[in-house]
Amino acid sequence: MIKPQIRKDILARGKPEPKNVPWWGEPNLGGWYTEAEIDAAVRAIRKSNDWSTGFGPNAKEIEKFENAFAAYCGTRYAIAINSCGTGLDMAIRCLDLAPGDEVISPAVNYKAAHLAIVGQGGKVVFCDIDSRTLNLDPEDVEKRITRHTRAIFPVHMNGLPAPMDELLDIAGRHPHPRYGPLKVIGDAARACGATYKGAKVGSQGWLTAFSFYSSKLMTTLGEGGMITTNDPAVAERLRNIRQFGGEDEWGSNYKMTKVQAAVGLVQLNRLDEMNRRRREAAQRRCKILSGTAELILPYEPPNCEHLYYVYSILVQPDWAGEKRDKIIAIMSEKFGIVCSISNPPTYLRWPYIAEKCGVPRLAVSDDVGRRLLCPPLHPLLTEEQELYICASLLEAIDMIKAGA
Amino acid sequence: MIKTNNTDAENIRSALARLPGVATVNDVRIKDRIIESISLENKSLGRLVLQRLNVEDSPALFDFYFRGLSEQSRNFWPPYPLFNPPIKSAEELATRIRDWQREDDWTFLNLLKEKQIIGACLLKRYQPQRPVSGLAVREEFQKRGLGFLLQTIINEQAHLLGLKKLYATLAQENIASRRLHEKCGFKQTGRLVPHFGYQDGNKVVDRQEIEMVQEFN
C-alpha cells in the first residue's frame, strides 16, 4: 500500500515522462529491442540486396526461426506466419467445418477467435469463464458439448495458461462421432513463453497460435505470428495454406518475411528475460496495491506461470459498471492513463459478433465485463512511473468514494 | 583474394601448437573472420588439413557420415541442416550444401587426411545469443585427440567472431562427448533441451539432451 501522504507527494510531482502521450493499458510495444535486433534486421536486408537472392523464396531465416521456436515450446512443428489472426483462420480452416459444426470458445476474448469460426462457416458456442483466472471454465465447456461440437478453442488469457489438462481430458471423453476426440486449439496471442505445469504453452493440444504483434510479449517488427503443432499432417497443410495452397488446396499468402524472422530469432532468445522483467513489474504492483479493499488483483494458480500481458484487476462487485467506468474516466482525464478492458464478452463489445453469434448473456463473463480494469504494465516501467500509475488508481477510487 | 589478419592466424597457430598431438602448424587461412583452411602435422597421423565445406565435398562428406561413423555416432550427431532431416544420397547432400552456402551464420569444417574426411565440426550461429557447436570423428580415428583438436578449432573460430558463449547439446548417454566438452571448458547448465529426430519420416522429439556452455573471457 502507498501511504496517503506519499501518494499525495507522488501525484504532486505530476505525470512522469513521457508526459504528453497517453499511457495505454496495452502499451504499443510489449517488449523492447536491443542493438541485436537492429543488427539482425540490417543484416537480413543487406543479405537480400542482390538480384539472385532477394527476400525469398524459402529464406533460411524463417526455417531457423521455426526450428528455434519449436524447440523453445517443446513441440515438433512451428509454422511462421504473418499474424496470429490469420493463424487462427488457418487453424479453424484445418477443421473443415460443415454447416452446423460447433466450436466452443470463451466469450471473454478478443474477437479474432470468433471471427475465425464465423469465417469458416462454423457456429460459435460461447462458454463462460472462471472469474479468478479469466480463462474458460472447463465445467462450463463440458456442459456445452453436443454431437456437433468439433473443437474447444481456449485463449490463454492475458498471459495465464488455460487449464489444458482438464480441456484435453474433456476433449478425449467427448469424441465427435465422425472426427474422434475434439480438437483443442489454443489462442496464445498473449501468452508466448508462459508455462503450464512445467510445459510451455504451445506444446499441448492440436494447434496453438501465437502473436508477434507490436504490443505482444515479443514482436517481429510489429506484425507476425506462429502456429505450433505435433501433428505432421496438419503442419504440412498449414505450410501449404500459407503458400497459396501448395498444389492441392486453397490457400493465400500468409508468410512471414525474412527480416521479421531474423529479428524473431533474437527476440526469442530474449523472450524469457523480457517475460521475467514483466513478471517482476507485475509482482511489484501486486505488493503496492495489495490490501486495497475495492480491488481484486490478478491470480496465479499453482504450477502456472502468469506473464501478465495485461495487468487484469477486477473491482469488487459493488464497484461494477458505472463506478468502474468512473475510475477509468478519472485515470484517463485527470492522470493521462488509459486503462484497457481486456476483454468484455465479444457479444457485448462488437455488434457484428452479436449479430452472427448471438448474445447468450453468460453470468460470469457479463459480470467480469463490468468489473475489469487493466492499467498499463510494461517490463521497463520505472519505479516512478509505476508509483504514479498506482497512486492515480488509488486516488481515483478515493475521489469516487468522496462523491466524484 | 584471401584476407588474412596475421594476428588472428598467429593466435590460432599458437593455440593449436600447444595441443599434445600437434607437431607443427604450417598454414592458417582466414577470410572475413571465418577459418578457410588450416594445415598441420599431427605427431601420429602426419599431415592433416582442415577445410571449409564446399559443394564438391559432398561425396566425401556423405562417405564420412554414413560409412565413417557408427550408427550410434550418427544418432548422437545428426547435424542440421546437412543431415537433419535425413538424406539418402550425396546428390541430396550437395543440394543442401548449395542451398545453405550463402548463409553466413554457420561454419562447417572438414578435417582431411589425404583426401579422406576423418572428422568434421560445426559452429551454428542461427540464434545470435546461443551459438552452438558440434563435432564427430571417423570411427577408426577416434581416441587420438582429434575431438580435442576440432573443438579447439571451433573455440578459435568463436573467438574470431567475438562470441562470448558457446553451447553444445549432448545425448545423455554420450559420456565420451561429455568428457571431451568438459576437457575443453564446457560446463553443464543443468537444463535439458528437446532433441528433434525423425521416425518414419516424421519429426519427433526423440530425447532430452544435456545442455553445456562455455564462456569466453
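Just so it is clear, the values below take in all heavy atoms, side chains as well, and ignore hydrogens, waters and symmetry mates. Chain naming here is simple, since letters A, B, ... match the order of the sequence lines and numbering starts at 1 in each.
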A:Glu63 and B:Tyr80: side chain donor to acceptor below 3.5 Å: yes
Between CD on residue B:Glu103 and NZ on residue A:Lys60, distance to nearest 0.5 Å: 6.5 Å
Enclosure of A:Lys197 NZ (heavy-atom neighbours >12, cutoff 6.0 Å): yes
Closest non-hydrogen atom pair, A:Ala71 against B:Pro194: O-CG, 3.5 Å
Engaged part of A:Arg270 at the chain B interface, taking heavy atoms whose separation is under 4.5 Å: both
B:Arg179, CZ: over 12 other non-hydrogen atoms inside 6.0 angstrom: no
Which of A:Asn230, A:Leu265, A:Asn58 touches chain B most, by non-hydrogen pairs under 4.5 Å: A:Leu265
Euclidean distance, B:Arg102 CZ relative to A:Ser52 OG, rounded to 0.5 Å: 3.5 Å
Value rounded to 0.5 Å, distance of CD in B:Gln127 from OH in A:Tyr72: 11.0 Å
Engaged part of B:Val193 at the chain A interface, taking heavy atoms whose separation is under 4.5 Å: neither
Minimal non-hydrogen separation, A:Asn269 against B:Arg130, with atom names: OD1-CB, 3.9 Å
More than 12 heavy atoms of other groups within 6.0 Å of B:Glu140 CD: yes
Structural part of A:Thr53 lying under 4.5 Å from a heavy atom of chain B: both
Heavy-atom contact with chain B under 4.5 Å, split by part of A:Thr34: neither
Residues B:Asp105, A:Lys64: salt bridge by 4.0 Å N-O rule: yes
Side chains of B:Gln129 and A:Leu268 in contact at under 4.5 Å (non-hydrogen atoms): no
Atom pair CZ (B:Phe196) and OG1 (A:Thr75), whose distance is rounded to the nearest 0.5 Å: 7.0 Å
Heavy atoms of other groups near A:Glu236 CD, more than 12 under 6.0 Å: no
